[in-house]
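Protein chains get the first letters and strands the later ones, always in sequence-line order, with residue 1 at the start of each. All values derive from a computational prediction rather than experimental measurement.
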Amino acid sequence: MAQPIYTTHHGMVDILPDEVRKWQFLENLIREEAEKFNFEEIRTPIMEKTELIVRGLGQMTDIVSKEIFSFSRGEDNYVLRPELTAPVVRAFVENRLDQRGGSQKLYYIGPMFRAERPQKGRQRQFHQFGLEIMGSSDALADAEVIAFMIHIYHKIGITNTTLKLNSIGDPESRDQYKRALKAHLKPDLEKLSEVSKKRYENNPLRILDSKEEEDRPFIETAPVITEFLSEKSVKHYNKVKEYLGDLGITYEEDPYLVRGMDYYTETAFELISPDLGAQDALAGGGRYDLLVEEIGGLPTPAVGFAAGMERLFIACEELGIRLGSEKKVDVYIVTLGDAARKWGLTQLSKFREKGASATMDYMGRSMKAQMKDANRENARFAVIVGENELNTRQFTLRNMAASEENSLTLDAILQKITGHHT
RNA sequence: GAGCCCGUAGCUCAGGUGGUUAGAGCGCCAGGUUGUGGCCCUGGAGGCCGGGGGUUCAAGUCCCCUCGGGCUCCCCA
């Protein structure tokens, strides 16, 4: 096929009208449900200062070290946001949202950017929705965040998921654990995979979710982080599990679950779906009690999650779930001749004012072609107007699905259509 | 960053061992019905066979390069 001159960037896709319908459906659902949970939407810029993302997520993370779209303007370096927790925290601090009192419950929907090699369920521009509760260290907050996440998938009909749960504790117990883990691995360091060798120094925890075959035996015998948790962390983790139990949410504890960003503390979780293929994480999140302070705010505990929207759609497709409705229009004005076309143009607004959607042909096509178009557009009614109708002021109203026609005045037609409508 | 697979109409795909005007279904447009959609029939538009180079009398078909796409590893949403 002849190649188009201009195309989207590798891994970035156009969302076309037929697809947008399901996006709007999902976005509306998220907004409705988030409002029910009393969350408020926050929108932040697409780009952020590089320093925020590097400090927030951690220099050594995969995202920062190799997946960032960055550019500079003058002295300043920017990145296209790869996730939204750090930007939301920035906005929280910058705008002193803590001064609104109580805990802040925020949700977001929007595009993120990561310069990875695209594959199924992975794009360079992708979309996430998520929420953050800022200001509470209570396990109730963890439970609510997880409950909302699960709730959305259940609403849609995606129920065959696994919630993986872990606690990575506070920094002190994590340091102790790191030391123990390194001590455990040290004798066999040479036998570990290349990636793991590198991580041994700068990010030993991530060795735990290595999928390299050669690492498996050493991971299996490794100490488990839960044994190193402080009393406080254990208490928190137990509370989270207790609350999830109260909510009837089942989970699977996974002591090897370590999340990709450095800012996580205590609770970590991921929602996995068997319908996604290689990229099986639908959503993930956790607690980040130190991030606000790290970024320059007052010490503020927080917890949140982010979910991939494209991945949610993939799961829907696998499960045969259709989101959103068919396109349709209430009225299609079919005209014959110039006078009728002019009449049609001026009458469209009458229908629109009454709350009905209305359209007509713009291409001067035959009546047959217009009827065909009305059918394709899924019109509920066709209003047919030619010379006869203009003279008698009696217009033909055709119910497309029923194939019934009546000759009526415009007022009667308006009433009939909008009556049906409300 | 590494591996594997694939590029023929808008879409899904046919085109044995190279052979003359490159096909089908769906979709699109028009006609059959001088004022009536979906079904049916007929016709039409639409392809530098992703691009470049090579082999050959002859390349959609064989070889090389390149671009684009898909999947996988790593990691994440």
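- In this structure, the side-chain contact (heavy atoms from CB on, under 4.5 Å) partners of A:A147, at least two apart in sequence or on a different chain, are A:L247, A:I249.
- Of all nucleotides listed (B:rA77, B:rG38, B:rG35), B:rG38 comes nearest to the side chain of A:R398.
- Comparing B:rA2, B:rC74, B:rG35 by their nearest atom to the side chain of A:R117 picks out B:rA2.
- Counting non-hydrogen atoms under 4.0 angstrom, A:E116 reaches a base of the nucleic acid.
- Of the nucleotides present, B:rG43 is the one that pairs with B:rC29 by Watson-Crick or G-U wobble criteria, both distances under 3.5 Å.
- Shown for residues 360-374 of chain A: residues whose heavy atoms fall under 4.0 angstrom of RNA chain B, namely A:R365, A:M367, A:K368, A:A369, A:M371, A:K372.
- When distances are taken from the side chain of A:S403 to each of B:rG35, B:rG37, B:rC29, the shortest belongs to B:rG37.
- For A:F69 and A:H9, the ring centers are positioned less than 6.0 Å apart.
- A donor-acceptor pair is defined here as one N or O able to donate and one able to accept, closer than 3.5 Å; no such pair exists between the side chain of A:E404 and the backbone of A:R398.
- Using a 4.0 Å heavy-atom criterion, one finds that A:H10 contacts the sugar-phosphate atoms exclusively.
- Considering only residues two or more places apart in sequence or on other chains, A:E67 meets the side chain to side chain donor-acceptor pair (under 3.5 Å) condition with none of them.
- Counting only heavy atoms from C-beta on, A:M400 has its side chain closest to B:rG37 among B:rA77, B:rG35, B:rG37.
- Applying the side chain to side chain donor-acceptor pair (under 3.5 Å) rule to A:T359 yields no partners; only residues at least two apart in sequence or on another chain are considered.
- In this structure, A:N378 reaches neither bases nor backbone, as no heavy-atom distance under 4.0 Å exists between it and the strands shown.
- Taking atom C1' on both B:rC29 and B:rA45, the two are 7 Å apart, rounded to the nearest angstrom.
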For a quick test of your reading: what N or O donor-acceptor pairs under 3.5 Å do the side chains of residues 123-133 of chain A make, sequence neighbours left out?
| residue | atom | partner | partner atom | Å |
| --- | --- | --- | --- | --- |
| A:Q123 | NE2 | A:Q125 | O | 2.9 |
| A:R124 | NE | A:E116 | O | 2.7 |
| A:R124 | NH2 | A:E116 | O | 3.4 |
| A:H127 | ND1 | A:E310 | OE2 | 2.8 |
| A:E132 | OE1 | A:Y288 | OH | 2.5 |
| A:E132 | OE2 | A:T85 | OG1 | 2.9 |

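- OP1 or OP2 of B:rU72 sits under 4.0 Å from a side-chain N or O of A:Q119.
- Base engagement by A:E405 is indicated by at least one non-hydrogen atom pair under 4.0 Å involving a base atom.
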Just distance, no hydrogens or angles: give the donor-acceptor pairs under 3.5 Å from side chains in residues 49-61 of chain A, sequence neighbours left out.
| residue | atom | partner | partner atom | Å |
| --- | --- | --- | --- | --- |
| A:T50 | OG1 | A:N77 | O | 3.1 |
| A:T50 | OG1 | A:Y78 | N | 3.2 |
| A:R55 | NE | A:E294 | OE2 | 3.2 |
| A:R55 | NH2 | A:E294 | O | 3.0 |
| A:R55 | NH2 | A:E294 | OE2 | 3.3 |
| A:T61 | OG1 | A:G58 | O | 2.7 |
| A:T61 | OG1 | A:V64 | N | 3.4 |

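- Using a 4.0 Å heavy-atom distance criterion, A:G130 is classed as making no nucleic acid contact.
- When distances are taken from the side chain of A:N375 to each of B:rG37, B:rA77, B:rC71, the shortest belongs to B:rG37.
- Nucleotide B:rA2: paired with B:rU72 (Watson-Crick or G-U wobble, both distances less than 3.5 Å).
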